[in-house]
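Below, chains carry the letters A, B, ... as their sequence lines are ordered, and counting in each starts from 1.
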Amino acid sequence: MVVTTCPHLIMPLLSERQLRRKPLVVIVGPTAVGKSRIAVEVAKYLGSEILTADSRQVYRGMDVGTDKPTLLAREGIAHHLIDLVDPDEPFNAGLFRRHATAAIDGCYQRRKLPLLVGGTGLYVRTLLQGLCEAPPSDPLVRARLRQDAYEQGSEQLYARLVLVDPLTAVKLHPRDTSKILRALEVYDQSGLPLSSFHAEHGSERPFSALVIGLNRARDHLYRRIEERIDWQLTHGLVDETQTLLYRGYRRDSPAMKGLGYRHVASYLAGDCTWDEMVRAFKRDTRRFAKRQMTWFRREPALTWLMIEESEPAEQTVSRMMGVIHPFLAGLDGDVDTHSFLNS
RNA sequence: GCCGAGGUAGCUCAGUUGGCAGAGCACAGCCCUGAAAAGGCUGGUGUCGACAGUUCGAUUCUGUCCCUCGGCA
């Protein structure tokens, strides 16, 4: 094995000064852009541990369909926030934040720089900007509200929301049932409108974060998505879905409504042909990638890196280190990190 | 070469008795504070094959040409 000198090697352990700033390097981007692979390489240079911000990789037994990095692909780098719950257990942004905060504290105790990698924009935001103090989701309250929606129609739920929380109501479309449900759930539990919790929350910035967005040309990204889906379908996604169904996980549960699983399940149930299933799976994944881009475009102070089709991974990693290095150097000095980054 | 059918959005096609071109799918833009790979909103992206004629006005009618698909040679 040839050992090459690494041109980007930075202090393997964080200094006291850096630790006090609570540093966090974040890599986001649409699905199939190549985040996981790049992240492992970056983590090797930084002596980092990886935290996954992925709402699907938290489920045990959902591996092929969530593109979960295999043990081999992790190359000995510690990966956190994967396989946290079974597919029928509730999981949400609040739980993610709790797990992630604990994992980050662990990294700091080992004086390691945490590297947050993922495509779930809401989960990333719970760390960068915190979460308001509204009561968490309650399965019982939610079940009752969903029953109401089923019996009276979502228009009735919206009408209720207009009465108890007009500020949230104007922000939501009357058909946006899942968000209406959440707002009513908060009111039913606390007697206070969700909008009041939002107002109280304000702006919070718990970490000194460097956020890097990876992207590729649209047609190039779409081609990668299709190739990955073809690979998943011939490398165990069908068996994986069948096993999950056999174990009794319902098709309409949050975990099974993920991309791929819901498509394969509908094919297995005889609702569509194989070709129809593949087409819908690819189309829905393209649309998802597009929604992710809409979300990340809004993320403040995000540095975009466009990956060229022919660009070797080492070069992308090298360009990323060109951004990360000054960030870490800034943390070590007296410079205000934020103004440094924005200059 | 002859006969027939056709050429309109990225694709499949509808349509205009001559008056600003329209569906489905595909696609694009956007929203998001505990389901977020979820959920929701908005948008037609066009040299109507080309050229000429008739007409106030042609994607529509007429002529010529080009191309595609059948059939016969």
Side-chain angles (χ1 to χ4, degrees), chain A residues 28 30-32 52-59 62 65-68 85 87-100 118-139 141-143 145-146 149 154 157-158 165 167-168 170-183 185-186 189-190 193-204 218-219 222 225 228-229 232 237 250 252-264 276 279-299:
Chain A
V28 296
T31 189
T52 302
D54 188 303
S55 67
R56 301 292 144 171
Q57 293 185 2
V58 300
Y59 295 115
M62 306 183 91
T66 63
D67 208 33
K68 202 178 280 177
V85 295
D88 57 350
E89 291 181 75
F91 196 83
N92 56 50
L95 287 167
F96 172 82
R97 184 172 140 80
R98 208 164 311 146
H99 278 103
T120 304
L122 178 64
Y123 286 8
V124 172
R125 198 172 285 173
T126 65
L127 291 176
L128 298 183
Q129 296 172 31
L131 213 48
C132 71
E133 297 292 322
S137 178
D138 180 310
V141 177
R142 180 144 311 196
L145 284 167
R146 208 169 314 163
S154 54
L157 283 191
Y158 186 73
D165 188 353
L167 285 177
T168 299
V170 294
K171 282 171 63 184
L172 297 181
H173 191 277
R175 270 197 285 273
D176 199 347
T177 318
S178 70
K179 294 206 176 70
I180 295 170
L181 238 51
R182 168 61 184 158
E185 173 187 62
V186 169
Q189 290 184 89
S190 65
L194 176 60
S195 51
S196 73
F197 289 104
H198 288 176
E200 196 185 318
H201 179 221
S203 60
E204 182 187 348
R218 191 66 65 92
D219 56 341
Y222 283 2
I225 285 173
R228 189 182 69 190
I229 287 174
Q232 289 173 329
L237 179 56
R250 294 168 51 93
D252 60 357
S253 67
M256 292 300 282
K257 274 172 88 176
L259 291 165
Y261 297 100
R262 70 165 184 263
H263 298 95
V264 172
E276 285 166 349
R279 210 174 313 131
F281 182 8
K282 290 178 175 175
R283 178 201 61 200
D284 292 343
T285 307
R286 286 194 295 268
R287 289 177 176 171
F288 168 58
K290 198 163 102 60
R291 267 183 280 131
Q292 286 179 299
M293 285 305 300
T294 300
W295 180 286
F296 293 130
R297 270 194 285 257
R298 252 176 74 93
E299 201 61 49

Checking [X] now: which residues fulfil salt bridge (Lys or Arg N to Asp or Glu O under 4.0 Å) with it, not counting sequence neighbours?
X       : result
R228(A) : D67(A)
E133(A) : none
D176(A) : K179(A)

>> Can you tell me which nucleotide in G40(B), U33(B), A35(B) comes closest to the side chain of R175(A)?
In response: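 Of the candidates, G40(B) comes closest.
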> Any ion pair linking R182(A) and E185(A) (charged N to carboxylate O, less than 4.0 Å)?
Replying inline: yes
>> Under 4.0 Å, heavy atom to any atom of RNA chain B: which of residues 123-130 of chain A qualify?
In response: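 Nucleic-acid contacts, sorted: Y123(A).
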>> Holding to side-chain hydrogen bond (donor to acceptor under 3.5 Å, both in side chains), I want the full list of residues that pass it with H201(A), two or more places apart in sequence or in another chain.
In response: E204(A)
> Quick one: side-chain hydrogen bond (donor to acceptor under 3.5 Å, both in side chains) partners of S253(A), sequence neighbours excluded?
Replying inline: none
> Just by protein heavy atoms under 4.0 Å, how would nucleotides 23-30 of chain B read 5' to 3' in B, S and -?
Replying inline: ---SSBBB
>> Please determine whether any donor N or O and acceptor N or O are separated by less than 3.5 Å between the side chain of R182(A) and the base of A35(B).
In response: no
>> Test: salt bridge (charged side-chain N to carboxylate O under 4.0 Å, His left out). Region: residues 252-264 of chain A. Which pairs qualify, not counting sequence neighbours?
In response: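 Qualifying pairs: R250(A)-D252(A), R262(A)-D284(A).
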> What pairs meet the salt bridge (charged side-chain N to carboxylate O under 4.0 Å, His left out) rule with one or both residues in residues 119-128 of chain A, with sequence neighbours excluded?
Replying inline: R125(A)-E299(A)
>> Measure CZ/F288(A) against C1'/G39(B) and give the value in whole Å, please.
In response: 13 Å
> Atom CG of D138(A) and atom C1' of A35(B): how far apart are they, to the nearest Å?
Replying inline: 14 Å
> If you measure from the C1' atom in U60(B) to the same atom in U42(B), how many Å do you get, rounded?
Replying inline: 33 Å
> Who passes ring pair (Phe, Tyr, Trp, His ring centres under 6.0 Å) against F281(A), sequence neighbours left out?
Replying inline: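 Ring pair (Phe, Tyr, Trp, His ring centres under 6.0 Å) check on F281(A) returns H263(A).
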> Got a sec, which residues hit ring pair (Phe, Tyr, Trp, His ring centres under 6.0 Å) with Y123(A), two or more places apart in sequence or on another chain?
Replying inline: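 Ring pair (Phe, Tyr, Trp, His ring centres under 6.0 Å) list for Y123(A), sorted by chain: F96(A).
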> Does RNA chain B take part in any stems of at least 3 consecutive Watson-Crick or G-U pairs (both distances under 3.5 Å), and if so, which ones?
Replying inline: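 Paired runs of 3+ in RNA chain B: B:1-7 with B:66-72, B:10-13 with B:22-25, B:27-31 with B:39-43, B:49-53 with B:61-65.
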